There are 2 protein chains.
Amino acid sequence: MKSLHAYLNRYVSALISEKDFEMIAGHFTPMELKKKQYLLKEGQVIDFFAFIVKGAMRKYYIDDKGKEHVINLYIENWWAGDRESFALLTPSRYYIETCEPCEILVITRENKEKLCRECPVFNEFILKLDEKYSVASQKRIASSISSSARERYDDFAARYPEFLQRFPQHLIASYLGITKDTLSRVLKQ
Amino acid sequence: MKSLHAYLNRYVSALISEKDFEMIAGHFTPMELKKKQYLLKEGQVIDFFAFIVKGAMRKYYIDDKGKEHVINLYIENWWAGDRESFALLTPSRYYIETCEPCEILVITRENKEKLCRECPVFNEFILKLDEKYSVASQKRIASSISSSARERYDDFAARYPEFLQRFPQHLIASYLGITKDTLSRVLKQ
DNA sequence: CCTCATTATCGTCATTTGTCTACGTTTTTT
DNA sequence: AAAAAACGTAGACAAATGACGATAATGAGG
């Protein structure tokens with residue numbers, strides 16, 4: 001829980017009191033996952049988000065030709081989930097699978113909504129997180145429509161250097177929307 | 001203002017009272033723009049969002065090779081702005097230019113924050129809008145990393161058929177991350 | 001109605017990226 | 001330790017897309 005506390009403090013305008021944080025922490029459930037275990041499978045409705053305390057995961061989907069496409073990569077201090085399924089209660093199109101053994105903190109929809117209502121500092125955090133996510137999405141879109149494979153990789157490596165150590169190249173390639181072969185070629189220069 | 005009222009009602013759980021809407025409307029300023037006029041230019045800090053009552057716009061940026069890339073297309077009932085600059089007070093990297101004469105309703109950052117604090121129904125609307133935007137971004141990313149030019153166009157045409165009538169092909173091509181030539185070719189089949 | 005800018009298309013050629021198969025290495029599992 | 005799976009690289013070829021110049025069609029503005 002320490003790591004959640006430190007993480008939240010980086011988002012809000014004033015440090016979170018012990019009392020507030022106790023309340024927040026009480027709405028999360030710790031869980032452990034082994035390597036290659038699924039947090040979510042296609043077709044399920046996901047009613048929680050997971051904060052990653054330790055470990056790494058990826059979110060991907062399988063297209064109509066049977067190919068996997070990595071949508072997100074997650075490590076410590078990231079949130080794993082599917083907002084569409086979470087918000088609209090629809091079956092997810094995604095898989096979320098661990099790439100390493102993981103320790104996570106899970107919060108259900110009910111608890112999240114309750115915290116947002118009853119704990120202003122948590123609500124502030126959620127707003128900031130949304131903002132950050134929205135800005136990051138915009139940048140990823142801009143990069144994907146205007147840059148070559150090489151440029152996208154360089155952007156990625158500059159923005160998320162830790163990820164290069166944590167995920168095999170073919171997953172990063174998939175995340176960038178290119179094949180592992182192309183990435184391998186492009187890196188040789 | 002009628003159109004803003006109707007639009008907001010589509011997002012919130014209970015219809016917005018006359019009184020609430022009067023308060024909301026009081027925080028917006030109507031404006032008109034001619035064709036090819038700029039709402040935002042690169043380097044400016046934007047401290048407002050614009051709700052489009054009538055007309056069409058595009059947001060784009062110019063890369064280091066001098067090429068334009070369309071990031072967003074907007075028509076009636078869309079919001080034009082740059083969330084990064086708006087939230088972080090940083091100079092924008094984007095241009096927002098009208099493609100048709102426009103009527104818009106402008107809300108400043110201060111007014112938006114005030115409304116969120118003082119008008120619960122407006123706050124609810126903002127949360128829903130964020131959600132919708134987040135889901136749409138995710139889908140656009142998924143499409144851009146996993147689909148061919150043709151598939152991306154088909155997705156786009158299916159999701160936003162009105163846009164095909166409102167924007168010239170080369171802008172749609174740019175939005176999809178392909179050249180106008182490729183789109184023209186791809187459509188011939 | 002005329003003019004000029006905008007837009008769409010076409011052909012050719014270059015470049016990028018994908019596909020497939022193979023191979024060697026490393027890592028994981030048994 | 002042995003076997004199996006996962007991973008990165010390589011080469012040859014195919015397919016998709018970009019770049020460029022030319023031209024025709026369209027539409028807006030005077």
Side-chain angles (χ1 to χ4, degrees), chain A residues 33-38 55-58 60 62-70 73 95 97-102 143-157 163-189, chain B residues 33-38 55-58 60 62-70 73 95 97-102 143-157 163-189:
Chain A
L33 297 172
K34 293 177 188 161
K35 191 173 174 173
K36 304 227 171 189
Q37 201 173 339
Y38 284 94
M57 311 186 185
R58 68 187 172 119
Y60 66 94
I62 298 183
D63 70 18
D64 38 348
K65 286 153 207 138
K67 292 203 171 166
E68 289 184 8
H69 299 276
V70 174
L73 297 171
Y95 297 84
E97 187 190 18
T98 58
C99 300
E100 304 173 1
C102 287
S143 159
S144 80
I145 66 176
S146 65
S147 305
S148 67
R150 179 57 193 258
E151 292 165 330
R152 292 209 296 283
Y153 179 84
D154 289 343
D155 281 359
F156 178 80
F163 282 60
L164 302 184
Q165 323 307 329
R166 299 292 288 277
F167 297 97
Q169 259 182 43
H170 69 275
L171 293 186
I172 292 173
S174 176
Y175 174 89
L176 295 173
I178 58 182
T179 62
K180 68 180 171 49
D181 312 79
T182 297
L183 182 54
S184 172
R185 249 177 314 197
V186 124
L187 284 180
K188 254 208 339 191
Q189 304 155 15
Chain B
L33 298 171
K34 292 177 188 163
K35 190 173 175 176
K36 304 230 171 182
Q37 200 174 340
Y38 285 94
M57 310 186 185
R58 68 187 173 120
Y60 66 93
I62 298 183
D63 70 19
D64 37 349
K65 285 152 208 138
K67 293 206 173 166
E68 290 185 8
H69 299 276
V70 174
L73 297 172
Y95 297 84
E97 188 190 18
T98 59
C99 301
E100 303 173 3
C102 286
S143 159
S144 81
I145 67 176
S146 64
S147 304
S148 68
R150 179 56 194 258
E151 292 166 330
R152 291 210 297 284
Y153 179 83
D154 288 343
D155 281 359
F156 177 80
F163 283 60
L164 302 184
Q165 322 308 328
R166 300 293 287 277
F167 297 98
Q169 260 182 42
H170 69 275
L171 293 185
I172 292 174
S174 176
Y175 174 89
L176 295 173
I178 58 183
T179 60
K180 66 181 170 51
D181 311 81
T182 297
L183 181 54
S184 172
R185 249 181 312 202
V186 123
L187 284 180
K188 255 208 340 189
Q189 303 153 16

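Predicted model, so just to flag it, every value in this text is computed and none were measured. We name chains A, B, ... by the order of the sequence lines, and we start the count at 1 in each one.
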Exercise for the section: Please determine if B:Glu97 and B:Lys36 form a salt bridge, counting it only when a charged side-chain N lies under 4.0 Å from a carboxylate O. Expected result: no
Practice task
Mind checking salt bridge (Lys or Arg N to Asp or Glu O under 4.0 Å) for B:Lys65 and listing every partner two or more places apart, or none if nothing turns up?
Solution key: A:Glu151
Practice task
Could you walk me through whether A:Tyr175 and A:Phe163 pass the side chain to side chain contact (heavy atoms under 4.5 Å, CB included) test, one step at a time?
Solution key: CA-CA 11 Å; A:Tyr175 174 89; A:Phe163 282 60; over 6 Å; no
Filtered N/O pairs between nucleotides 26-29 of chain D and protein, under 3.5 Å:
none

Completion exercise
Between A:Glu100 and the options A:Arg166, A:Arg58, A:Lys34, the salt bridge (Lys or Arg N to Asp or Glu O under 4.0 Å) test singles out A:Arg166
Exercise for the section: Please report the closest heavy-atom contact between B:Ile145 and A:Ser174, naming both atoms and the distance. Expected result: CD1-O, 4.0 Å
Exercise for the section: Please work out which residues in residues 163-171 of chain B have a non-hydrogen atom less than 4.0 Å from an atom of DNA chain C and list them by number. Expected result: B:Pro168, B:Gln169, B:His170
Problem - Partners meeting side-chain hydrogen bond (donor to acceptor under 3.5 Å, both in side chains) with B:Tyr95 (sequence neighbours left out) - result: B:Glu42
Exercise for the section: Using the test salt bridge (Lys or Arg N to Asp or Glu O under 4.0 Å), find all partners of A:Arg150 that sit at least two apart in sequence or belong to another chain. Expected result: A:Asp154
Problem - First-last contacting nucleotides on DNA chain C - partner chain B, under 4.0 angstrom, heavy atom - result: C:dT6 to C:dC10
Problem - Angle by which the axis turns from one end of the helix from C:dC1-D:dG30 to C:dT30-D:dA1 to the other, five pairs per end, to 10 degrees - result: 60°
Exercise for the section: Output all residues satisfying side-chain hydrogen bond (donor to acceptor under 3.5 Å, both in side chains) with B:Ser144, sequence neighbours left out; order by chain, then residue number. Expected result: A:Ser144
Handout entry: Heavy-atom protein contacts under 4.0 Å, nucleotides 12-22 of chain D, coded B base, S sugar-phosphate only, - none
Key = B----BBSBB-
Problem - Any residue meeting ring-ring contact (aromatic ring centres under 6.0 Å, His included) with B:His170, in chain and number order, not counting sequence neighbours - result: none
Problem - Any side-chain heavy-atom pair of A:Cys99 and A:Leu171 under 4.5 Å - result: yes
Problem - Main-chain N/O of B:Gln37 paired with B:Thr98 side-chain donor or acceptor, under 3.5 Å - result: yes
Exercise for the section: Under the side-chain hydrogen bond (donor to acceptor under 3.5 Å, both in side chains) rule, collect the residues that match up with B:Tyr153, sequence neighbours excluded. Expected result: none
Fill in the blank from the handout: Heavy-atom closest pair (B:Ser184 atom, B:Gln169 atom, distance to 0.1 Å) is CA-OE1, 4.3 Å
Practice task
Go through the structure and list residues passing salt bridge (Lys or Arg N to Asp or Glu O under 4.0 Å) with B:Asp63, not counting sequence neighbours.
Solution key: none
Problem - Separation of B:Lys180 NZ from B:Arg185 CZ (nearest 0.5 Å) - result: 10.5 Å
